[in-house]
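Beneath this line is the structure, given in structure tokens, with notes to follow.
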Amino acid sequence: MPLAAHIDTLRDAHKTELGGARTEDLLEDARVLVGRELARVEDLLAGAVREGASPGPEAADHLLAAGGKRVRPMLALLAAEALGGITETTREVAMVSELIHLATLLHDDVVDDAPERRGRATAGRVYGNAVSVLGGDLLLTTALGRTQALGQPDLLASLITTLRALVDGELIQLRGRRGLVLSRESYEAIVEGKTASLFVWAARAGASSIAVDARDAAKHASYTDALGTFGRHLGLAFQIVDDLIDYVGSETGKSLYADLREGKATLPVIVAAERDPGLLEELQACARGEREGAEATLAARIVATGACDDVRARAEAETRAALAALDRLPPGRAVTLLAAVATRLSARLA
Ligand code: FPP
Ligand code: MG
């Protein structure tokens, strides 16, 4: 999505007052602050995806050019801005967070055998699955190299831990897909791993990207923790809303019922199966490919249980928890913008 359009989505979400400031003024600030900085990160991304042997970069660029919300870079940029100001290191960690995200998507679309992403054929469909995987590997190595070059060992160590969490989350999801095993505990582990972990890294890395006076180290550490908590709840809300969109749709352009076809035990399915005991067997047959064309009927049965209202409430609770974490930060324009981002992401279904 172009940057101006991105800021416009914030504008749409916040016609009212936010944090005492007039939203229109605030979003004008956002257009200047986030827009300019995101454009610089976008330039860094365009250069970084060109690294490596052809045809890997072509596959990576195919995904990059399709656009995206760039939520993780925005989180890193606003975290740094909230604590003092965006630096060269901030732009690098913002870029790295998106490189990692793009790498996971190039892999994920192979794992999910997905035909489309962001309204166009996936890199796997255009260049083949092998190129998609290796294109993702290129992004991953570039991201690790760029992080190492920053000379802050903690950033690299936490990134490696985050990568493990992403892979574990995806593996736990895969495990459940074989027989559509429904477990709330597994769902929590999946969303923490495959989504929240990278949001946490982006927010904390943004906080770590600014120079801090030794006298302020303890205060900065507590602000970094608050931003990490914000990122975690934002990530959870984001994934829960994403899982809901699969059933109730929205203006996002995402295809409906893909999770159902892929046998993903997401929260709407888990809650619905608790309420409609016969449903699980039908869903399992669907995941085995034995109910072709019945996805809409099954989705309607899920919606009829009222499960989506529960899931929406859970996403809203995560958004509230994210907003509460912001109270632990020094108030200011960047913090208000972080609140706007959280509210907007949660409102994707409104
Ligand atoms: C999208 O989920 C996928 C993720 C958020 C994470 C994918 C993680 C991996 C493939 C493992 C780690 C990979 C690397 C390179 C470290 P989704 O399938 O529910 O959403 P979608 O509808 O957007 O595909
Ligand atoms: Mg997928």
Side-chain angles (χ1 to χ4, degrees), residues 49 52 56 59-60 63 66-69 71-72 96-125 129 131-145 147 156 158-177 186-202 231-232 234-250 252-270 287 311 315 345 348:
V49 300
L63 177 59
K69 291 179 283 299
V71 181
R72 296 155 191 83
V96 163
S97 70
E98 191 67 15
L99 280 183
I100 298 290
H101 178 52
L102 294 171
T104 70
L105 294 184
L106 286 170
H107 287 192
D108 180 71
D109 285 338
V110 173
V111 172
D112 289 345
D113 191 23
E116 278 189 12
R117 175 168 299 278
R118 296 171 182 166
R120 35 154 61 184
T122 53
R125 288 291 194 271
N129 280 345
V131 178
S132 188
V133 169
L134 293 170
D137 291 342
L138 278 182
L139 297 184
L140 198 54
T141 51
T142 302
L144 288 168
T147 306
L156 184 60
S158 59
L159 183 59
I160 291 168
T161 306
T162 303
L163 291 174
R164 171 59 67 86
L166 286 162
V167 177
D168 279 348
E170 194 80 349
L171 280 168
I172 296 168
Q173 177 169 267
L174 203 60
R175 215 195 271 162
R177 274 160 81 170
S186 294
Y187 180 75
E188 299 299 327
I190 291 164
V191 292
E192 290 276 3
K194 80 171 190 178
T195 307
S197 64
L198 188 52
F199 277 66
V200 172
W201 187 83
R232 174 173 171 261
L234 181 67
L236 293 175
F238 182 81
Q239 188 59 53
I240 292 165
V241 167
D242 215 60
D243 293 342
L244 196 49
I245 284 172
D246 204 65
Y247 292 95
V248 297
S250 75
T252 58
K254 287 204 135 193
S255 64
L256 282 168
Y257 320 137
D259 290 351
L260 203 52
R261 278 189 291 273
E262 291 167 11
K264 284 192 188 148
T266 58
L267 199 53
V269 170
I270 293 169
V311 178
L345 284 183
R348 280 189 295 164

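We count ligands from 1, going down the list as the structure has it; atoms in each ligand are counted the same way.
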Exercise. Got V269 and D259 here, is their nearest side-chain heavy-atom distance under 4.5 Å?
Worked result: no

For this session: For S158 and W201, work out which heavy atoms get closest and say how close.
Result: OG-NE1, 3.0 Å

Problem set entry | Flag side-chain contact, heavy atom, 4.5 Å: L99 against V49 | yes

Exercise. Does H101 come within less than 4.0 Å of ligand 1, judged by its heavy atoms?
Worked result: no

Problem set entry | Within-cut-off N or O pair, R117 and ligand 1, under 3.5 Å | yes

Seminar exercise, completed: Which of R125, R177, R117 passes salt bridge (Lys or Arg N to Asp or Glu O under 4.0 Å) with D112? Answer is R177

Problem set entry | Environment of the Mg ion (ligand 2) in terms of protein N/O/S atoms, cut-off under 2.8 Å | D108 OD2, D112 OD2

Exercise. Does some side-chain heavy atom of K264 sit less than 4.5 Å from a side-chain heavy atom of D246?
Worked result: no

For this session: Taking the side chain as every heavy atom from C-beta outward, state whether D243 and V311 have any atom pair closer than 4.5 Å.
Result: no

For this session: Classify the contact between D112 and ligand 1 as side chain, backbone, both or neither, using a heavy-atom distance cut-off of under 4.0 Å.
Result: side chain

Problem set entry | Note, T104 side chain near H101 side chain (heavy atom, < 4.5 Å) | yes

Problem set entry | Side-chain touch L166/I100, heavy atoms, less than 4.5 angstrom | yes

Problem set entry | ligand 1 contacted by Q173 (non-hydrogen, < 4.0 Å) | no

Exercise. Under 3.5 Å between some N or O of ligand 1 and some N or O of E262?
Worked result: no

Problem set entry | Minimum heavy-atom distance A60-L106, with the two atoms named | CA-CD1, 4.0 Å

For this session: Would you mind finding which of T266, D243, L106, L166 brings a heavy atom closest to atom 11 (C) of ligand 1?
Result: L166

For this session: Please confirm whether K194 comes within less than 3.5 Å of ligand 1 when only nitrogen or oxygen atoms on both sides are compared.
Result: yes

Exercise. Given side chains that start at C-beta, do those of E98 and L102 come closer than 4.5 Å, heavy atoms only?
Worked result: yes

For this session: Report the part of E170 (side chain from C-beta onward, or backbone N, CA, C, O) that has a heavy atom under 4.0 Å from ligand 1; answer both or neither where that applies.
Result: side chain

Exercise. Can you find a heavy atom in the side chain of L236 that is under 4.5 Å from one in the side chain of F199?
Worked result: no

Exercise. Any N/O of K264 closer than 3.5 Å to an N/O of ligand 1?
Worked result: yes

For this session: Say whether V167 and ligand 1 are in contact under the criterion: heavy-atom distance to a ligand atom below 4.0 Å.
Result: yes

